[in-house]
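Scroll down for the structure; my scribbles are underneath it.
In the text below, chain A, chain B and the rest are named by the order of the sequence lines, each starting its count at 1. The analysis underlying the following values was restricted to heavy atoms, covering all of them including side chains, and did not include hydrogens, waters or symmetry mates.
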Protein chains: 2
Amino acid sequence: MRDVALLARVSNKTVSNVVNAHPHVHPATRARVQQAIDELGYRPNLSARGLRSGRTGVIGLAVPELRQPYFAELADAVIAAAEARNLSVILGQAGADRAHEMNVLAHGLRQTDGLLFSPERLGTEDRDLLHDVEYPLVMLGERIFGGPTDHVTMHNVAGARAAVEHLLGLGRRRIAVVGAHPDHRTGQLRPSDLRVQGYREALVAAGLPLDAGLERAVAPWHPENGADATRELLASGVEFDGIFALNDTLGIGILRALGEAGCRVPDDVAVIGFDNIANGQFTLPSLSSVDPGREEIAETAVAMLVERIESGTRTPQTPRLHKAAFHIVARESTGGSGRRA
Amino acid sequence: MRDVALLARVSNKTVSNVVNAHPHVHPATRARVQQAIDELGYRPNLSARGLRSGRTGVIGLAVPELRQPYFAELADAVIAAAEARNLSVILGQAGADRAHEMNVLAHGLRQTDGLLFSPERLGTEDRDLLHDVEYPLVMLGERIFGGPTDHVTMHNVAGARAAVEHLLGLGRRRIAVVGAHPDHRTGQLRPSDLRVQGYREALVAAGLPLDAGLERAVAPWHPENGADATRELLASGVEFDGIFALNDTLGIGILRALGEAGCRVPDDVAVIGFDNIANGQFTLPSLSSVDPGREEIAETAVAMLVERIESGTRTPQTPRLHKAAFHIVARESTGGSGRRA
DNA sequence: CCGCCGCCGGTCATCGTTGTAGAGTGCGCC
DNA sequence: GGCGCACTCTACAACGATGACCGGCGGCGG
C-alpha cells in the first residue's frame with residue numbers, strides 16, 4: 001500500500017479510500033491511484049484489514065456432514081449467496097456429535113464474522129445455550145425452535161400436507177408414512193413430527209381415518225432404514241397404495257424395497273419424498289418430492305446474518321422466523337412427467 | 001492478552017509463549033497464565049496473529065460444484081483432514097466456468113495460506129499458468145498433468161482396468177464402455193481417456209477384440225446422458241453383457257435405462273461404475289464401483305499443502321505426483337453381496 | 001573461581017490497514 | 001466582503017499478536 005501511495009503521490013489513506021470506494025475522492029486522484037494499484041498488482045492484506053476493522057469478511061457454515069446430499073446442496077447455495085455479497089465461507093462439520101456441536105456453538109468458527117448453524121444433535125431443549133452466544137448467529141433447520149436468534153427453515157407441516165394431498169389427488173386412499181420418530185409426539189418440533197402432523201392433517205381434511213399401522217418409525221433417515229421399514233410394511237399385510245417418505249433419502253430406499261418386492265411404482269404404490277435432492281431425478285422411477293426452497297433458505301439466511309453483522313447486534317430485538325416457499329415436484333413415482341424437473 | 005498478562009503477572013510475550021506452546025516456559029508460570037486465560041475466557045485474535053505471522057491457518061479448497069456428490073464427499077474428507085491439523089477450510093466453487101477458474105488460480109482464495117484446486121475447465125494446455133502462481137498450491141483431479149506443482153489424483157488407468165477385469169472375471173466377454181470423450185485420443189490425459197485406455201488394456205490382455213460399437217461417447221457425465229447413451233446402445237443392436245460406466249453418476253443413469261428396457265442386472269448385463277459415491281449403495285440394484293481412495297487423496301493433499309506452506313517454498317523442487325490406492329467394490333450390479341459396502 | 005550455555009522471561013518494534021481529527025481550498029449566500 | 005460548508009486529502013495512532021533481541025540466573029566443566 002505504501003508503494004502504491006508513493007507511486008500515485010498520495011497518502012496511504014487515500015489509497016485505502018480508493019480501494020474502499022470512499023465517496024470523497026477526486027476522480028483524477030482515484031484514477032491515478034487505481035493505475036498505480038494495477039501497475040504494482042497491489043492486493044489489500046485481509047488479515048490487516050480484519051485486525052483494524054474487526055471484520056474478516058468470512059462467515060461460517062456449520063452442518064452435520066457434507067456427505068449428506070441435502071447439506072451439500074445447502075452449502076452450495078450458501079456459498080453462492082455469500083459470494084454474491086463478496087463474503088467467503090468457512091465450512092465446519094460437526095459430525096452429528098453433540099459435544100462437537102456445543103463447541104462450535106460456544107465460539108463460532110474461527111476467523112469468522114458470524115455463523116449459520118444447522119445442528120443435528122442439539123434440540124429445542126438446548127435453546128437456552130443460544131442466549132449465551134456472543135457473535136451474530138442465524139439458525140437453520142428444524143432442530144431448535146423458539147430460540148432468541150433469527151431462524152430460517154422450511155414449511156414442514158404445510159409441505160408435508162401438500163405432499164399427501166398430491167397423493168390423494170391421484171386417488172390414493174391408503175397412504176403410509178415412513179420416517180416418523182420412534183417416539184412421535186405431536187407437540188414436538190422435530191421435522192419428523194411436523195411432517196407427520198402435516199400427513200395427518202391432510203388425511204383428516206380428506207375425511208380419511210388415521211391408521212397407526214400406516215405410520216412407520218425410522219431412525220436415522222438412511223436409505224437402508226427406509227428400505228427395511230418398507231419391507232416390514234409389506235410383510236405386515238397392511239394395505240396401502242401410496243407412501244409419503246419424510247425425506248428423499250428414505251424415499252430412495254423405499255423405491256428400492258418396492259422394486260425388490262415386485263411392486264410397480266406408481267401403478268401399485270405412488271411414492272413422494274421431501275427435500276428434492278438432485279439425486280431423486282435419477283432413481284428408477286424418478287422420485288416426486290417437496291422442494292423446500294433451498295435457494296431461498298440460503299439467500300435469506302445469508303441476508304439475515306449480514307444484517308446482524310452490519311448492525312452489530314448479536315441478538316435481534318425480535319427474533320425472526322422465516323419459512324421458505326415450497327412446491328411439489330411431480331416425477332414418475334407419482335405419475336408425473338418424469339425426465340426433468 | 002494484556003489483561004491476561006496483568007492477571008498472571010507476566011509480560012504480554014509470555015502469554016503468547018504459553019498460547020503457542022513455546023518450549024521454554026516454566027511449568028508454574030505456564031499454569032498461572034493458563035489459569036488467567038481460562039478465568040478471563042481469553043481467545044487469541046486470529047486476524048492479528050495472521051497479520052503478524054503471515055499465516056492465517058486457513059486453506060482454500062476450490063471445486064467446480066459442491067452439488068456434485070463426488071466433490072461434496074471430497075470436501076467432507078478434506079475438511080476432516082484439515083481439522084485434524086487445526087486448520088480451517090474456505091470453500092470456493094468455480095462453477096465449471098473457465099474465467100472463474102482462472103481467477104481463482106490467479107490469486108487463490110482470499111485469506112488463505114494455500115489452495116487445493118480441482119479444476120474442471122482448465123486443462124493440461126493451461127499448465128503454464130501454474131508457473132505464475134505465487135502461493136502454495138496442490139492440484140487435484142485429472143484435468144492438468146505435468147504441471148510444476150504437487151498433484152494428487154487417482155489411478156485412472158489401473159482402476160479402470162481392474163473394473164473391466166472384474167467384469168471379465170464374471171465371464172462377461174462383450175463389455176461396453178459409456179462415457180468416452182467425444183473426440184477420444186489415447187495420448188490425452190483426461191480422465192475419460194485414461195479410463196478408456198484401462199478398459200482397452202484389460203480387453204487386449206484378455207485376448208478380446210476392441211469393438212468401436214461398444215465405446216459410447218458421453219459428455220458431460222450426467223445421469224440422463226448415461227441413460228441416453230444406453231438407450232442408443234440397446235437400439236444399435238450391438239450385443240453386450242457388461243457395461244463399464246466411466247463414473248457412478250453415469251452408472252446410475254445406465255441402471256435406469258437398462259431397467260426401463262427390461263434388462264436384468266446383473267443377469268443380462270453386469271454394470272460397474274467409478275468413484276464409489278455413497279449413492280451407489282442405494283440404487284436398485286446397488287452399483288458396483290471402483291473406490292478411488294478419496295480419504296487418501298484428501299489426507300495426502302492436505303499433508304502436501306501443509307508441507308509447502310511450512311517450508312515456505314511455493315513450487316516444489318521436484319513436483320510430486322501421488323496416486324491413491326484404489327479397490328473394487330462389488331455390489332449387486334455385478335452379482336456382489338449387495339446390502340452394505 | 002571463571003566463563004559459557006541453557007533456561008526463562010522481558011522490551012520493543014512491527015505486520016498492513018483504517019478511524020479520527022483536522023488542514024487547506026473553493027464556492028455560494030447573506 | 002466575510003462566513004460557513006462541502007469537498008479533498010493528510011498525519012497519526014491505533015487494532016492484537018509475535019519475532020528479534022537482550023538480560024538475569026543457575027549449573028557445570030575446566
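A:E296 and A:H322 form a side-chain donor-acceptor contact under 3.5 Å, judged by distance and modelled atom types alone. With hydrogens and angles left out, the side-chain atoms of A:E83 and B:H100 include a donor and acceptor closer than 3.5 Å.
Rounded to the nearest 0.5 Å, atoms CZ (A:F326) and CD1 (A:I297) are 12.0 Å apart.
Mapped onto DNA chain C by nearest heavy atom, B:A48 and B:P27 fall at different nucleotides, with B:P27 at the one closer to the 5' end.
At a threshold of 4.5 Å between non-hydrogen side-chain atoms, the residues A:F117 and A:L137 count as touching. Considering only heavy atoms from C-beta on, B:I90 comes within 4.5 Å of A:V58 through its side chain.
Going from atom NE2 of A:H24 over to atom P of C:dG19 covers 14 Å, rounded to whole Å. Rounded to an integer number of Å, the gap from CG of A:N45 to C1' of C:dT14 is 13 Å. Taking atom CD1 of residue A:I37 and atom P of nucleotide C:dT17, one finds them 10 Å apart after rounding to whole Å. For the pair B:R52 CZ and C:dC12 C1', the computed distance is 11 Å after rounding to whole Å. Atom-to-atom, NE2 of A:H22 to P of C:dG19 comes out at 9 Å; the value is rounded to the nearest Å. In this structure, A:L51 atom CG and D:dA17 atom C1' are separated by 8 Å, rounded to whole Å. As a whole-Å value, the separation of A:R2 CZ from D:dT10 C1' is 11 Å. Summarising the geometry, the separation between CG on B:N20 and C1' on D:dG19 is reported as 11 Å, rounded to the nearest angstrom.
Ion pairing between B:R85 and B:E299 holds under the 4.0 Å rule for side-chain N and carboxylate O. Ion pairing of B:D126 with B:R121 is absent here, as no side-chain N (NZ or NE/NH1/NH2) approaches a carboxylate O to less than 4.0 Å. Electrostatic pairing of A:R320 and A:D150 counts as a salt bridge here, judged by a charged N lying under 4.0 Å from a carboxylate O. Contact check on B:R67 versus A:E295 returns a salt bridge, with a Lys/Arg side-chain nitrogen under 4.0 Å from an Asp/Glu carboxylate oxygen. Salt bridge status for B:E73 with B:R294: present, with a side-chain N to carboxylate O gap under 4.0 Å.
An OP1 or OP2 oxygen of C:dG19 is reached within less than 4.0 angstrom by no side-chain nitrogen or oxygen of A:S53. Here B:T14 reaches the OP1 or OP2 of C:dG10: one of its side-chain N or O atoms lies under 4.0 Å away. One finds no side-chain N or O of A:S16 lying less than 4.0 angstrom from the OP1 or OP2 phosphate oxygen of C:dT17. The phosphate of D:dT18 (OP1 or OP2) has a side-chain N or O of B:R49 nearer than 4.0 angstrom. Residue B:N17 places none of its side-chain N or O atoms closer than 4.0 Å to OP1 or OP2 of C:dG9.
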Per-nucleotide protein contact along nucleotides 20-27 of chain D, 5' to 3', at a 4.0 Å heavy-atom cut-off (B base, S sugar-phosphate only, - neither), is --------
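Residues of residues 4-12 of chain B having a heavy atom closer than 4.0 Å to DNA chain D: none are found.
For B:M1, the listed nucleotide lying nearest its side chain is D:dA17; candidates were D:dA17, C:dT17, C:dT18.
Residue A:H26 is classed as a sugar-phosphate contact, given heavy-atom separations below 4.0 Å to backbone atoms only.
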